[in-house]
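What follows is a short report on a single structure.
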Amino acid sequence: MTANGTFSRQDAMAALAWQLDLGADECIADAPVNRYDAPPPPKLPKMGTGSNIAPLGQSTATQAAPVMAAIEESAAEVAALLAKRATTLDALRNAMATFEHCALKKGARNLVFADGIPGARIMVVGEAPGRDEDLAGKPFVGRAGQFLDRMFDAIGLARDRSQAPIYITNVLPWRPPQNRDPDADEIAMMLPFLTRHIELAAPEMLVLMGNTACKALLGRTGITRMRGTWTQAAGRPALPMFHPAAVLRDPIKKRDCWADLLTLQDRLRA
Ligand code: URA
């Protein structure tokens, strides 16, 4: 600070460097937002979760855990109600846009719903939007998305090819901060929307890209073991595959990725 109590350019640069060290990687608004002043989210309806609340007298931490679990459980119930009521993909997108219980929404620029052609025989389920997808409001448009397009193009499929289309979505519709992995609570909260999305898009088969999609729809992870073997998810055949970002990070996986695309092609031709 300068002698007259104002901040110098050096102070401002030091403050910026500190924020970068904390992980800030972009400016999302011209003016800062004090989240403590933000209005609280709408109250969740009570839905049979009262028994999860710890009795008074226990330590704050002991009480907080079941309360948080109850909130997340009832948020998933709200999601399930909204999802069930939606009878078209547009209605589902609108329902998700009005869902205020997932904290990720507050830090995201856009809801990322889907891309490609609804009704396609194949529905691809990825993880969550990254920076490019958050900006564009479309799934898989960054580097991993371009690679995903090349993968499917190699077997004659594309998100914009009306003769051989694919339809693409993610487990989460909002970008997690710093592209961290979605956590189990976020996945559970948003799962009713994903399962309804699958019902409404009605694909013949699913491709589960990476561990997050497997965790959401199969309830387990271990993509290295599961990839390339057909299983059942959301009531239809599902093929787990390496996530395209994982293949880009570790090109040795390209061979397995190609083998899995051929497995998919065989099923399409059967
Ligand atoms: N990775 C994903 O899983 N989904 C996207 O939309 C982009 C990158």
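For the numbers below, each heavy atom of this structure counts, side chains included, while hydrogens, waters and symmetry mates do not. Bear in mind the structure is a predicted one, so any value in this text is a computation, not a measurement. Counting convention: from 1, in listed order, for ligands and their atoms alike.
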task = Measure the acute angle between the ring planes of H197 and F113, then classify it against the limits of 30° and 60° as parallel, tilted or perpendicular.
result = parallel
message = Are R236 and I198 packed together at the side-chain level, in the sense that at least one heavy-atom pair is separated by less than 4.5 angstrom?
response = yes
remark   = Within the 4.0 Å heavy-atom cut-off around ligand 1, the contacting residues, ordered by chain and number, are G126, E127, A128, E133, P139, F140, N170, H243
Pair E133 + R175: basic N to acidic O under 4.0 Å = no
message = So F152 and I168, do their side chains get closer than 4.5 Å, heavy atoms only?
response = no
query = How about F140 and H243: are their ring centres within less than 6.0 Å of each other?
reply = yes
side-chain hydrogen bond (donor to acceptor under 3.5 Å, both in side chains): pairs with one or both residues in residues 83-98, sequence neighbours excluded = none
